[in-house]
J.: 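First, the structure itself, so that you have it in front of you.
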Amino acid sequence: MTAVISAATSLLELDNEEAERLAADEIEFLPEAYVSKMNGLLENVGKPFVPEMKKALAGAPTDAFKNASNTKASPIGGFGFFRLGEDGRLYLAAKSEHYHTPLGHNFPGYTLIDRARALGITNASHNNTRGYITRLLERELIRLINGLSLADTDSLDSILASREAQVLNRVINLETGSLACEAGIKMMLARFYQLDGTFPQSKYADRTPVFFVMGDHDGGAKANYHGTTIFAQLMRDMWPGIYEKMEAAGILKVCPVRINDWEDFREKFERYNKPPFKVAGFMHEIILMNYGGIRLDRDYLHKVYALCHNNDVPIMCDEIQSCMWYPTIYLFREYGLNPDFVVIGKGFPGGQYPASRIITTAEMDNLNQFGALVTNGQEELAALAYLITMKFTEENESFIRAMGEYYEDNLRELASRYPALIERTEGMGHLTTLFFYEAQTVSRFTGMLNDACIDVSAQTYKASCPPAALTKPPIIATKEMIDYVLKIMREALQTIEAQESG
């Protein structure tokens, strides 16, 4: 901090005493008074809290965005797990603003970002001038992804120097999860195609790459979701005309595999891991939040990983949805897996900045930076947001686990009370979902919760996926907040059951 203080006093002409105070004063990340206020505000959910905004402003959206807009619920403020809407009502962010805010709104710990800005620490940088905070974050990501304690610097240095397979020790900083997934796809493709003429002949240049992805219950590829770039969309049955031409030309092939079906995976692997094909990689989430929140089985994944690793097939574990919502930060560590790529984002910067990362190995470090992977993504304040979120999660593992288990257990008990409406629960911990028998029922259920200003959503449009109610409370969710959500859910189910039986 000495260098930062020196810069602040010389460049910004900040008083030295004030600069030292900004640098040294400690901040309590989640004070008891803050938690008490959150719990106290629960009784105000759905009620007018401040005067509503009178002047409507449509913006300049595309038709798709316009049709989906609900500006009444658009934020004019937020506090913890609450969002204050333009209609003046208090909303409960039971989906963590679509998975971006594990620490809610205006988390006190993020005050450190304001302190850093006041000291003159800039956000913008460049690939070739990655700042100190960014480089510190890279080390912390590798430390935690390998399960090391903060004091075990020798082991960390050894891992960072390793060139062994499946040792995660390389970080690429990007802006969005889509770009991070695309980077992984391109590094897999680099084993089949040269990036340009300066690269050597690719290892599998004589084979057609076959990408394994999670398939839907109709045999298609709609269950997987790895972003919005063209390659990722081709892998979930979008742009079929383009894909058909690419497949016919032998450029690449996508092979969907049945969820949790080891025999299906093994049979397709044997079919496509021999000439003229080669399995290029297996890409998966652990909780399929874009397919009802279905959870992949631990035993299934261990068998799949062993088969892939024994046959030189890289694996990309996409943790965009699950990262930061589990005590170990990375859900794959709870499963005891060893992927070649881990994609993270959304939860890590806590909604403060768009900032994703792909973490990989020396073996998969096979492309250059410019043009191939990233033009930027080295923002210093975004890296600080990562470090703050990570520190809170690491220090509060037991609380996060307890609340996740409490939520999952109570949703399971709730589902058991309404067997005529709810088929089962899926997911895990904070990412637990409810599977209904009928799409109309889940739409009524989520609609009633939305009317009560609780942000949940219904997923009713995926191929042969049971209609699901998706939730994702932030990791600062208290027992009181969870009980409140469960209470409103219970009331909605009682109403629906009475209407259907009457």
Side-chain angles (χ1 to χ4, degrees), residues 38-49 52 67-74 81-98 289 291-294 403-462 465-474 477-502:
M38 284 196 298
N39 290 335
L41 286 171
L42 285 166
E43 64 183 25
N44 297 103
V45 172
K47 300 176 183 177
F49 195 74
E52 66 176 316
N67 292 336
S69 292
N70 176 22
T71 56
K72 289 183 178 180
S74 297
F81 38 68
F82 300 102
R83 180 198 334 131
L84 190 57
E86 289 186 10
D87 62 0
R89 293 192 295 171
L90 206 58
Y91 289 77
L92 196 58
K95 274 182 62 181
S96 300
E97 308 299 18
H98 201 71
M289 287 302 285
Y291 202 65
I294 294 175
M403 288 300 99
E405 291 175 353
Y406 181 78
Y407 186 58
E408 181 180 352
D409 291 345
N410 278 274
L411 275 184
R412 189 179 297 115
E413 192 274 336
L414 182 67
S416 71
R417 289 179 176 269
Y418 298 92
L421 302 177
I422 302 174
E423 179 184 349
R424 68 180 192 273
T425 61
E426 265 291 353
M428 177 180 173
H430 293 76
L431 277 69
T432 302
T433 64
L434 293 170
F435 271 17
F436 286 71
Y437 287 105
E438 302 293 337
Q440 181 180 358
T441 308
V442 71
S443 295
R444 288 173 63 193
F445 173 75
T446 56
M448 292 169 76
L449 266 69
N450 293 161
D451 288 343
C453 292
I454 296 177
D455 185 20
V456 299
S457 63
Q459 192 173 81
T460 60
Y461 54 89
K462 295 286 186 172
C465 181
L470 303 182
T471 66
K472 193 176 184 181
T478 59
K479 183 176 179 294
E480 290 82 356
M481 183 267 205
I482 292 171
D483 285 343
Y484 182 86
V485 173
L486 292 167
K487 171 179 172 291
I488 304 302
M489 286 181 171
R490 196 175 297 112
E491 292 172 355
L493 290 168
Q494 288 172 351
T495 300
I496 293 170
E497 185 180 58
Q499 290 173 346
E500 293 195 356
S501 62

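A quick note: this is a predicted structure, and the numbers were derived from the prediction, not measured.
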J.: How many angstroms lie between atom NZ of K472 and atom CE of M289, to the nearest 0.5 angstrom?
T.: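 Atom-to-atom, K472:NZ and M289:CE are 6.0 Å apart.
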J.: State, to 0.1 Å, how close A94 and V456 come at their nearest heavy-atom pair, and which atoms those are.
T.: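 Smallest interatomic distance, heavy atoms only, reads CB-CG1, 4.1 Å.
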J.: How long is the span from the CD atom in E497 to the OH atom in Y418, to the nearest 0.5 Å?
T.: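 Reported value, rounded in 0.5 Å steps: 6.0 Å.
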J.: Please name the pair of heavy atoms, one in A452 and one in I488, separated by the smallest distance, quoted to 0.1 Å.
T.: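 Of all heavy-atom pairs spanning A452 and I488, the closest is CB-CG2, 4.1 Å.
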J.: State the CG-CG distance between N70 and N450, to the nearest 0.5 angstrom.
T.: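 These two atoms lie 8.5 Å from each other.
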J.: When rounded to the nearest 0.5 angstrom, what distance separates CE in M481 from CZ in F82?
T.: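 Separation between the atoms: 7.5 Å.
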J.: Taking everything shown except R424 itself, do over 12 heavy atoms lie less than 6.0 Å from its CZ?
T.: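 Correct, the count exceeds 12.
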J.: Taking the side chain as C-beta and beyond, is there a heavy-atom pair between Y484 and T478 under 4.5 Å?
T.: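 Not in contact.
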J.: For Y91, does the six-membered ring have the charged nitrogen or CZ of R83 within the cation-pi criterion, i.e. under 6.0 angstrom from the centroid and within 45° of the normal?
T.: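 Flagged: R83 positioned over aromatic ring of Y91.
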J.: Kindly give the heavy-atom pair with the smallest separation between A469 and F436, and that separation in Å.
T.: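 Heavy-atom minimum between the residues: CB-CE1, 4.1 Å.
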J.: Between T460 (side chain only) and A439 (backbone N and O only), is there a donor and an acceptor less than 3.5 Å apart?
T.: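 Checking the backbone N and O of A439 against the side chain of T460, no donor-acceptor pair under 3.5 Å is found.
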J.: Which pair of heavy atoms, one from S96 and one from P474, lies closest together, and at what distance?
T.: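 Closest heavy-atom pair between S96 and P474: OG-N, 3.0 Å.
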J.: If you take all heavy atoms of A415 and T425, which pair is closest and at what distance?
T.: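 Closest approach of A415 to T425, heavy atoms only: CB-CG2, 3.9 Å.
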J.: Quick one, E500 and R444 - any side-chain contact, counting heavy atoms below 4.5 Å?
T.: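 Yes; the side chains approach each other to less than 4.5 Å.
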J.: Just wondering, do F435 and C465 contact through their side chains at under 4.5 Å, heavy atoms?
T.: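 In contact.
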J.: Any side-chain heavy atom of L42 sitting closer than 4.5 Å to one from F81?
T.: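 Heavy-atom side-chain distance check passes, below 4.5 Å.
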J.: From F445 CZ over to L421 CG, what is the distance, rounded to the nearest 0.5 angstrom?
T.: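 Rounded to the nearest 0.5 Å, the CZ-CG separation comes to 10.0 Å.
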J.: With a cut-off of 6.0 Å (strictly less than), are more than 12 heavy atoms of other residues, nucleotides or ligands near CD of E480?
T.: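 Yes, enclosed.
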J.: Do the side chains of I482 and N410 get nearer than 4.5 Å, heavy atoms only?
T.: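 When only atoms from C-beta onward are counted, I482 and N410 do not touch, as no gap falls below 4.5 Å.
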J.: Roughly how far apart are L449 CG and E491 CD, rounded to 0.5 Å?
T.: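 With rounding to 0.5 Å, CG (L449) is 9.5 Å from CD (E491).
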J.: Is the shortest heavy-atom distance from the side chain of I454 to the side chain of M489 under 4.5 Å?
T.: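 I454 does not reach M489 side chain to side chain.
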J.: Is a side-chain N or O of Q459 found less than 3.5 angstrom from the main chain of A468, in a donor-acceptor match?
T.: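 A pair under 3.5 Å: no.
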J.: Ignoring hydrogens and angles, tell me if any N or O in the side chain of E408 forms a donor-acceptor pair with the backbone of G429 under 3.5 Å.
T.: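 Confirmed, E408 side chain pairs with G429 backbone.
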J.: Which heavy atom of T471 sits nearest to which heavy atom of T432, and what is that distance?
T.: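 Residues T471 and T432, closest heavy atoms: OG1-O, 3.1 Å.
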J.: Applying the side chain to side chain contact (heavy atoms under 4.5 Å, CB included) criterion to S457, which one of L470, T446, V442 satisfies it?
T.: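 Single pass found, and it is L470.
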J.: Decide if atom CD of E413 counts as having more than 12 heavy atoms of other residues, nucleotides or ligands within a radius under 6.0 Å.
T.: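 Yes.
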J.: Heavy atoms, side chains only, cut-off 4.5 Å: are D455 and E97 in contact?
T.: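 Counting from C-beta outward, D455 and E97 do come under 4.5 Å.
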J.: Please examine the side chains of R417 and L493, heavy atoms only from C-beta on, and report whether any two atoms are closer than 4.5 Å.
T.: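 In short, these two side chains do not touch, never coming nearer than 4.5 Å.
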